[in-house]
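The structure appears right after this line, and notes come after that.
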2 protein chains.
Amino acid sequence: MDDANLTIADRIQARLETLTRAERQLAHAILENYPASGLGPIATLAKDADVSTPTVARMVQKLGFKGYPEFQADLREELKAKVSGPIAKHDTWAEGAPEGHMLNRFTEAVIQNIRHSLAQIDTNDFDAACAQLADTSSRLHIVGGRITHTLAEYLFLHMQMIRPEVIHIQSTSNAWPHYLLDVKEGDTFAIFDVRRYESNTLKLAEIAQARGARIILFTDQWRSPIHSLADICFSSRIVVPSAWDSAATTLLLVETVIAAVQDLSWADTKDRMQTLEDMFDQTKLFRKFT
Amino acid sequence: MDDANLTIADRIQARLETLTRAERQLAHAILENYPASGLGPIATLAKDADVSTPTVARMVQKLGFKGYPEFQADLREELKAKVSGPIAKHDTWAEGAPEGHMLNRFTEAVIQNIRHSLAQIDTNDFDAACAQLADTSSRLHIVGGRITHTLAEYLFLHMQMIRPEVIHIQSTSNAWPHYLLDVKEGDTFAIFDVRRYESNTLKLAEIAQARGARIILFTDQWRSPIHSLADICFSSRIVVPSAWDSAATTLLLVETVIAAVQDLSWADTKDRMQTLEDMFDQTKLFRKFT
DNA sequence: AGAGAACTGAAAGAATAGTTTCATTATTCT
DNA sequence: AGAATAATGAAACTATTCTTTCAGTTCTCT
């Protein structure tokens with residue numbers, strides 16, 4: 001073979017562009033659990049990828065094999081060579097990129113951040129925060145800063161789908177005092193404040209608390225001064241090999257909160273989602289696409 | 001099963017003494033190229049071990065499997081678990097939380113998403129994209145959709161600090177055609193489009209390309225239809241145990257791009273940063289804080 | 001050494017896996 | 001918008017793989 005020293009995974013990668021929809025779906029399934037998935041029967045692989053068996057048969061032929069059995073034989077050869085070789089260690093994330101490449105250094109840092117941040121979370125706090133965010137008997141205000149308003153808005157967009165009475169306040173806007181007029185005892189504030197803590201956000205938090213609001217704070221490892229006002233405080237590590245900080249860990253946390261809150265309120269959310277879908281249909285915002 | 005956590009190799013080792021001559025011969029052949037040899041057809045394995053196929057069939061039954069296919073299925077499972085590696089072994093992320101807790105399930109999914117997405121990135125593409133984003137000789141337009149405009153804005157906020165001539169367009173706004181008026185040959189578009197691909201965003205991409213712009217696309221594993229218009233396409237896996245998709249992997253990618261671009265343009269960025277700091281001082285936006 | 005038991009493999013039979021055809025559906029091009 | 005083209009999966013078909021039977025062989029024990 002001319003491409004004998006390329007792994008099958010490489011060959012699939014290389015041709016990924018030229019593949020059709022179902023074939024690409026299949027390609028992903030193969031790479032997902034490579035090489036194990038390709039070593040089972042054709043029907044199992046097809047089912048995993050949610051395509052038909054002929055699609056699998058056709059693709060392996062496209063890849064240059066006479067048939068599925070030959071494809072498997074090659075996979076086994078590859079596995080044999082790999083196992084007898086040096087122990088496969090996953091020290092790079094972007095395969096093919098040098099170890100010192102930004103992709104690998106950055107990803108490694110983020111994974112470490114996630115690990116440390118998650119290890120410090122008190123599950124009870126987490127559950128309590130989610131319960132509070134799911135509680136529709138009071139309003140939910142979401143506040144972000146100069147950079148973090150993007151995270152705030154991300155949370156806002158999802159909470160808005162899940163429940164009513166959600167308000168997004170940008171503390172950097174000079175209109176924020178207006179929003180505080182209607183704050184009632186028992187309202188919830190989800191506040192984002194990370195390094196370069198903003199004076200506006202702190203003032204806002206103080207006023208909100210004075211008016212009887214309960215605060216859930218998303219901050220960094222050094223914790224915004226707001227933490228002393230907060231009921232619940234989540235701190236994420238944000239340091240990466242960059243001139244700026246990483247929001248990835250905080251976003252992970254926010255997404256997890258969204259998923260948990262949505263689990264708690266599924267009964268109510270279901271109808272909202274349906275209504276939303278109907279409205280999307282009417283506005284033709286999205287392409288018809290499976 | 002009682003011996004569920006033992007590998008098949010262990011089980012064979014343990015029973016090695018009780019096996020007959022032909023079976024022991026077979027056992028050694030299996031262990032010789034473990035697990036590859038066991039994943040082929042029964043006849044191949046028999047031939048390798050120089051025994052008959054019934055011997056193989058009988059031994060796998062002796063080992064407690066219903067038949068050879070079941071034995072293979074177990075081998076594949078073992079391989080799957082092994083390949084997903086030591087990082088996956090970190091079975092809980094939030095210590096103290098039960099394994100099935102949302103925090104652990106969600107984080108696990110995101111880590112897998114990161115792993116798979118990163119493995120697929122072509123380093124050359126990545127470097128090329130960063131070079132293009134750092135090129136100040138043409139303008140940079142950043143476009144996001146209903147949810148992804150938060151990511152777009154995140155990129156925008158940072159690129160704005162790094163270089164001049166950066167514009168944020170929200171494709172969901174009805175003012176987006178206005179932005180296209182001034183697009184020139186050679187301009188760069190960074191476009192975000194993930195599942196529930198938006199028709200507006202596609203149209204915008206088409207027009208931009210027609211006007212000679214080069215497109216860098218951030219999309220999901222199924223790839224927005226825009227990918228056929230894009231110069232460079234980054235696809236992230238976004239599926240998590242939630243009713244919604246995860247933007248965490250895409251954000252990681254965006255942050256890495258930001259870090260790399262900033263490295264490329266540090267000479268110019270330095271001055272911009274200083275000016276920005278001075279302005280911050282004047283507006284007293286931030287608290288004085290070490 | 002010889003009878004009995006256990007082991008082994010050839011071959012047939014049963015089951016499962018892989019391939020191909022063809023009608024349907026989606027997509028592209030005019 | 002409509003015709004042509006490509007892609008896809010259900011189902012029929014073919015090939016291979018696995019299992020079982022059974023007769024020959026080897027080993028063990030008296």
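Bear in mind the structure is a predicted one, so any value in this text is a computation, not a measurement.
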Report task. For the side chain of Pro41(B), starting at C-beta, report the closest nucleotide among dT8(C), dT19(D), dT17(D). Result -> dT17(D)
Query - d(CG, Leu19(B); P, dC7(C)) in whole Å - result: 11 Å
Report summary line: Between CG of Asp50(B) and P of dT8(C) the distance, given in whole Å, is 13 Å
Query raised in the report: So does Gln25(A) get a side-chain nitrogen or oxygen closer than 4.0 Å to the phosphate oxygens (OP1/OP2) of dT8(D)?
Result: no
Report task. Taking atom types as modelled, find out whether Gln262(A) and Thr269(A) have a side-chain donor-acceptor pair closer than 3.5 angstrom. Result -> no
Query raised in the report: Counting just side-chain N and O atoms, does Thr55(A) come under 4.0 Å of either OP1 or OP2 of dG9(D)?
Result: yes
**Report entry** Spacing between His227(B) atom NE2 and dT27(C) atom C1', to the nearest angstrom
**Finding:** 13 Å
Query - Tyr179(B) vs His141(B) side-chain heavy atoms within contact, under 4.5 Å - result: no
Query raised in the report: Atom CZ of Arg24(B) to atom P of dC27(D): distance rounded to whole Å?
Result: 13 Å
Requested in this report: Calculate the interatomic distance between Glu23(A) atom CD and dA26(C) atom P; express it in whole Å.
Outcome: 17 Å
Query raised in the report: Pick the nucleotide of DNA chain C nearest each of Pro54(A) and Thr44(A); which residue has the one closer to the 5' end?
Result: Thr44(A)
Report task. Round to the nearest Å and state the distance from Met59(A) atom CE to dT8(D) atom P. Result -> 11 Å
Report task. Give a yes-or-no answer on whether the side chains of Glu23(B) and Thr20(B) include a donor-acceptor pair shorter than 3.5 Å. Result -> yes
Requested in this report: For Arg58(A), answer base if it contacts any base atom (sugar-phosphate contacts may also be present), sugar-phosphate if it contacts only those atoms, and nothing otherwise; contact means non-hydrogen atoms under 4.0 Å.
Outcome: base
**Report entry** Side-chain donor-acceptor contact under 3.5 Å, Gln72(B) with Arg76(B)
**Finding:** no
Query raised in the report: Out of dT19(D), dT19(C), dT8(C), which nucleotide sits closest to the side chain of Arg21(B)?
Result: dT8(C)
Report task. Could you tell me if the ring centre of His101(A) sits under 6.0 Å from that of Phe126(B)? Result -> yes
Report summary line: Whole-Å distance, Lys66(B) NZ to dT20(D) C1', equals 15 Å
Requested in this report: Check the distance between dT19(C)'s C1' and Glu70(A)'s CD and give it to me in whole angstrom.
Outcome: 15 Å
Report task. Could you pick out which residue, Thr18(A) or Ile42(B), lies toward the 5' side of DNA chain D when each is mapped onto its nearest nucleotide? Result -> Thr18(A)
Requested in this report: Ignoring backbone atoms, test whether Thr20(B) places a side-chain nitrogen or oxygen under 4.0 Å from the OP1 or OP2 oxygen of dT8(C).
Outcome: yes
Query raised in the report: Would you say dG18(C) has OP1 or OP2 under 4.0 Å from some side-chain N or O of Gln61(A)?
Result: no
Query raised in the report: Looking at dT8(D), dT20(C), dT19(D), which one has an atom nearest to any side-chain atom of Ala57(A)?
Result: dT20(C)
